[in-house]
Structure formats: structure tokens, C-alpha cells
Visitor: 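Please see the structure below; I have some questions.
Only this structure's heavy atoms are used, side chains among them; waters, hydrogens and symmetry mates stay out. Nothing fancy with the numbering, it's 1 onward along the sequence.
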Amino acid sequence: MGLTQSALGGLLHMPFQSVQKYECAENRISAARLFALAKALEVPVQYFFEGLGDARVSTARTETMLDPNEAEELLTAYAALRPTSRQRLLELVKAL
């Protein structure tokens, strides 16, 4: 939308570093923060979910491929990685 992280941080009353962590998925965004973000950007909350219809199909397919406990453990470990490590891991898995 053409805003800098600093400008968006100002709209949300938070430092740009916090916005940066949300943007690079280092931190999860709460429903309350998502609502505030939608309000600040003057868009409906649904704006952030456009195009996810296909993702739900992908998630359903993934659930049949993995044991639920194993999937949760894998996602927890993946979420704990730094963004650069996540990218490297993804590249490794694709190569395998």
C-alpha cells in the first residue's frame, strides 16, 4: 500500500521493528492486532485472507499426508527457526 514500516508503525502506535517482525513472520500477529491493522489501512479484515481458498484445500491434503502429532512437532520446530534458516530448509527439502 506504499507505506513504510515506520509509517505503519506510527499508525499502529508501535516501533517499526515490531512491524518488521510481523512482516518477515518472525512474530505471529494476533487477531486484535490484525483488526487494528485493517482499521489503520482502511480495509476489511477479509483483505488479509484473499486467495486463501486454495490454501484450505492444500491444508486438507497435508493433513492426510502426515501424522497429526508429527506435523505439529515439525511445524513447531520450523516456526522456531530464523527466516533465513527456514528458507534454507525449504530449499533442502525441495532438493531431496
Visitor: Please say whether more than 12 non-hydrogen atoms of neighbouring residues, nucleotides or ligands are located less than 6.0 Å from CZ in F35.
Guide: no
Visitor: For E73, I'd like to know if atom CD has over 12 heavy atoms of other residues, nucleotides or ligands within 6.0 Å.
Guide: no
Visitor: Side chains of E50 and Q46: is there a donor and an acceptor less than 3.5 Å apart?
Guide: no
Visitor: Can you tell me how far the CD atom of E23 sits from the CD1 atom of I29, to the nearest 0.5 Å?
Guide: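 It is 11.0 Å, given to the nearest 0.5 Å.
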Visitor: Identify whether M1 and F48 are in the same connected component of the hydrophobic contact network (ILVMFWY, side-chain heavy atoms under 4.5 Å).
Guide: yes
Visitor: Would you kindly confirm whether L74 and L90 end up in one hydrophobic cluster when ILVMFWY residues are joined by side chain heavy atoms under 4.5 Å apart?
Guide: no
Visitor: NZ of K94 to CG of L89: how many Å apart, nearest 0.5 Å?
Guide: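 Answer rounded to 0.5 Å: 11.0 Å.
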Visitor: Mark yes or no: R33 above the aromatic ring of Y22, with NZ or CZ under 6.0 Å from the six-membered ring centre and no more than 45 degrees from the axis.
Guide: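 No - R33 does not lie over the ring of Y22 by the 6.0 Å and 45° rule.
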Visitor: One pair to check against side chain to side chain contact (heavy atoms under 4.5 Å, CB included): L37 and V43. What are the steps and the verdict?
Guide: CA-CA 9 Å; L37 180 59; V43 297; over 6 Å; no
Visitor: Distance from R88 atom CZ to E91 atom CD, nearest 0.5 Å?
Guide: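 Reported value, rounded in 0.5 Å steps: 8.5 Å.
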Visitor: Where do C24 and P83 come nearest, in terms of heavy atoms and distance?
Guide: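 Result for this residue pair: O-CG, 3.9 Å.
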Visitor: Taking the side chain as every heavy atom from C-beta outward, state whether L8 and F16 have any pair of such atoms under 4.5 Å apart.
Guide: no
Visitor: Using 0.5 Å steps for rounding, measure from the CD atom of E70 to the CG atom of L75.
Guide: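 Spacing of CD (E70) from CG (L75) equals 10.5 Å.
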Visitor: Nearest 0.5 Å please: distance from the OG atom of S18 over to the NE2 atom of H13.
Guide: 13.5 Å
Visitor: Provide the closest heavy-atom pair for L81 versus R86 in the form atom of the first, atom of the second, distance.
Guide: O-NE, 3.3 Å
